[in-house]
There are 2 protein chains.
Amino acid sequence: MKRQVTLDEVAERAGVSRSAASRVINNAPHVSKAKRDAVQRAVSDLGYVPNATARALATQQVGAVVLAISSDNPQVFADPFFAEVATGVNSVLEETELELVLQLATTTRGQTRLEQVLRTRQADGVMLMSMHGDDPIAQLAEESDVPVVFGGTPISFEPRYYVDADNRGGARLATEHLVETGRSRIATITGRMDEGAGMARYKGYQEALAMAGLDARRVGYGDFSEESGGRAMEQLLAEHPDLDAVFVASDQMAIGAMRVLKDAGRTIPGDVAIVGFNDVALARHTEPPLSTVSQPIQSLGREMARMLLALIAGESPTPLILPTRLVKRQSS
Amino acid sequence: MKRQVTLDEVAERAGVSRSAASRVINNAPHVSKAKRDAVQRAVSDLGYVPNATARALATQQVGAVVLAISSDNPQVFADPFFAEVATGVNSVLEETELELVLQLATTTRGQTRLEQVLRTRQADGVMLMSMHGDDPIAQLAEESDVPVVFGGTPISFEPRYYVDADNRGGARLATEHLVETGRSRIATITGRMDEGAGMARYKGYQEALAMAGLDARRVGYGDFSEESGGRAMEQLLAEHPDLDAVFVASDQMAIGAMRVLKDAGRTIPGDVAIVGFNDVALARHTEPPLSTVSQPIQSLGREMARMLLALIAGESPTPLILPTRLVKRQSS
DNA sequence: TTGAAAGCGCTAACAA
DNA sequence: TTGTTAGCGCTTTCAA
């Protein structure tokens with residue numbers, strides 16, 4: 001076990017006191033040029049790298065932030081959505097000295113750990129994704145002394161600091177597009193209504209139809225999964241056989257719905273037009289290619305990280321809502 | 001800034017010495033039942049949570065492992081492959097006290113940081129993914145005092161500890177399947193040949209054809225990306241217009257290749273049979289659905305984590321190769 | 001501009 | 001079975 005080079009060794013080698021060496025390392029003032037140079041030479045001669053743990057203990061700063069994903073589904077992270085968020089987060093953290101700790105709070109253990117982080121400052125900041133329903137963690141996070149930024153908004157309250165996509169606006173855009181292309185019996189398949197995104201997309205659908213003076217009561221309920229999309233579509237078809245378009249709150253569900261529609265002998269977009277949400281890679285490859293609402297997922301991650309950095313720096317950033325846009329393909 | 005509850009406070013409250021309290025916390029022996037109870041009560045009364053940083057400094061163990069992804073492409077993590085690996089890794093780490101730190105070493109800064117971790121033990125262990133070519137990090141990692149397990153094998157050497165999928169076997173399986181279904185002019189589109197997986201899949205293709213006594217010289221070179229698959233297919237079509245099957249080293253490339261084949265008026269699998277590799281979600285949704293080689297990605301992550309834990313515990317685990325299997329769909 | 005010294009909160013060796 | 005004590009490697013007053 002190779003012992004590490006300590007600050008004392010650097011100081012000795014450079015012939016200065018440890019405090020002087022420390023000042024140089026953290027380039028603080030009050031050090032003469034001569035000593036500064038001597039220390040720097042010693043550092044590179046010895047290959048000195050500060051011990052992060054010791055520094056953390058002394059400064060009471062951890063040097064790490066947590067990206068937490070709270071969900072009951074252990075597979076969440078396999079969702080390309082989160083992977084992209086993580087990429088965005090990482091890209092801004094890479095410019096700093098902060099480490100990125102991943103905390104998937106899917107099991108009770110994970111939850112507990114996240115709670116402890118929040119209560120006892122085991123991290124300099126936390127980014128919290130995917131709160132559904134009245135997740136108690138969300139409340140705890142909002143009240144914690146640790147800086148927290150939310151990704152997406154929980155339904156039970158509006159956090160002080162969050163970054164979200166304009167889900168409502170995106171859903172309106174999609175639904176308005178269906179109206180403009182001449183559809184009049186427009187249904188929707190919702191996502192989980194206990195998640196902010198699910199609810200917001202549903203509201204956007206309602207708004208658009210209300211403004212067009214159309215009936216917004218053709219609704220099937222899903223949970224964002226492909227399978228639930230299929231089920232909801234079957235039910236819609238049974239209850240509203242006259243529908244001529246569907247706004248589906250996720251691409252996965254849209255894929256399930258398209259399958260059911262084809263099986264029922266309906267053509268897309270001839271008989272029924274479809275618009276999805278998220279613009280996952282798959283959307284380009286369905287048959288026909290899926291029109292969908294695209295959200296800037298990486299930016300979401302980047303902005304969350306930036307906001308957290310601002311918070312840690314003692315600033316008071318304002319919440320951010322990122323724009324979504326409609327991507328027209330052949331399914332509508 | 002709420003101050004944290006210290007061990008001293010617990011000790012005082014319980015009326016015992018700090019060392020006794022410490023022993024209870026780490027449930028070490030040599031504490032009477034009475035004191036043990038007293039301490040436990042104090043802990044829950046005060047809501048004491050040990051300070052991880054202080055503990056790390058005292059024990060010289062960091063309490064965290066890093067999952068490092070070394071690549072020149074900042075988007076790597078958006079690849080569903082890594083997301084799944086991460087899910088697997090997390091699932092076993094969740095059972096331990098170890099944190100999971102994510103280190104995407106795409107930029108120079110990231111690389112440097114990873115180097116420092118390796119050199120100066122800023123983590124208790126490292127899992128290293130996606131080494132391509134003669135990445136110097138790989139060598140450094142292999143020689144590091146820090147326990148390291150590789151995910152996949154670099155081409156330049158065989159690490160002491162690694163988990164890999166049976167890429168070669170999978171490629172053989174796929175190619176043999178093409179032979180068995182009566183194809184005789186079988187081409188391949190390779191992945192990056194400076195990655196272990198790319199090379200192994202190519203070798204598997206060669207082996208299978210050699211054993212069948214067929215010509216293995218219809219080869220197009222790609223880099224795993226969809227676009228490169230398309231280009232390679234175009235070139236293959238130009239050079240070997242008689243081909244009747246293609247083993248493609250990744251599903252993404254297979255998708256690109258299928259597009260080109262269709263544009264060229266070839267039917268799939270009528271004129272040309274296709275088999276991909278990886279079994280990404282997309283493979284189920286192509287037209288026709290893509291036959292492919294499936295590898296247990298989450299298991300890969302889980303086994304990497306398990307192996308690292310073993311290493312940290314001072315054991316000497318043996319490398320692991322996880323089986324792959326052929327998934328037959330309509331493209332072959 | 002400099003250095004001595006007192007922590008940060010915990011663990012572990014040692015003595016009692 | 002107990003408690004005392006000396007660190008872990010760094011930062012940061014404070015006095016010189």
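Since the structure is predicted, the reported quantities are computational estimates derived from the model, not experimental observations. Letters go in sequence order (proteins before strands), and every chain restarts at 1.
- Comparing atom distances between the B:Lys35 side chain and each of D:dG9, D:dT2, C:dT11 picks out D:dT2 as nearest.
- The CG-P distance, from A:Asn26 to D:dT11, rounds to 5 Å in whole Å.
- Both B:Gln60 and B:His30 lie near DNA chain D, and the one whose nearest nucleotide falls closer to the 5' end is B:His30.
- Remark: the B:Arg23 side chain and the D:dG3 base include a donor-acceptor N/O pair separated by less than 3.5 Å.
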Test B:Arg41 against B:Asp37 for salt bridge (Lys or Arg N to Asp or Glu O under 4.0 Å), laying out the working first.
CA-CA 6 Å; B:Arg41 203 162 329 108; B:Asp37 291 349; 5.6 Å; no
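- One interatomic measurement links the two molecules: CD of A:Gln61 to P of C:dG9, which rounds to 14 Å at whole-angstrom precision.
- Which of D:dT2, D:dG3, D:dC10 sits closest to the side chain of A:Tyr48 comes down to D:dC10.
- Summarising the local packing, CD of A:Gln116 is surrounded by more than 12 heavy atoms from other residues, nucleotides or ligands at distances under 6.0 Å.
- The nearest whole Å value for the distance from the CG atom in A:Asp8 to the C1' atom in D:dT11 is 12 Å.
- Nucleotide D:dG9 holds its P atom 15 Å from the CD1 atom of A:Ile25, rounded to whole Å.
- For a distance-only test at 3.5 Å, the side chain of A:Ser19 qualifies as a donor-acceptor partner of the base of C:dA4.
- A salt bridge links B:Glu142 with B:Arg160: at least one charged nitrogen is closer than 4.0 Å to a carboxylate oxygen.
- Under the side chain to side chain contact (heavy atoms under 4.5 Å, CB included) test applied with A:Val65, the options A:Val89, A:Leu309, A:Leu93, A:Val149 reduce to a single match, A:Leu93.
- Of the candidates D:dC10, C:dT2, D:dG3, D:dC10 carries the atom nearest the A:Arg55 side chain, counting heavy atoms from C-beta on.
- Regarding A:Arg18, its CZ atom lies at a distance of 21 Å from the P atom of C:dT1, rounded to whole Å.
- Between B:Leu57 atom CG and D:dG9 atom P there is a gap of 7 Å when expressed in whole angstrom units.
- Residue B:Pro29 is classed as having no contact, given no heavy-atom separation below 4.0 Å to the nucleic acid.
- Each of B:Thr59 and B:Ala20 was assigned the nucleotide of DNA chain D with the nearest heavy atom; the assignment lying further toward the 5' end belongs to B:Ala20.
- When the side-chain nitrogen and oxygen atoms of B:Ser32 are compared with OP1 and OP2 of D:dT2, one or more of them lie within a distance under 4.0 Å.
- Side-chain proximity of B:Ser17 to D:dT11, D:dG3, C:dT11: nearest is D:dG3.
- Counting non-hydrogen atoms under 4.0 angstrom, A:Ser22 reaches a base of the nucleic acid.
- In this entry the distance linking CG of A:Asn51 with C1' of D:dT11 reads 13 Å, nearest Å.
- At a threshold of 4.0 Å, the pair B:Glu143-B:Arg119 does not count as salt-bridged, since none of the basic side-chain nitrogens sits closer than that to a carboxylate oxygen.
- Residue B:Leu7 contributes atom CG, which lies 14 Å from atom P of D:dT4 at whole-angstrom precision.
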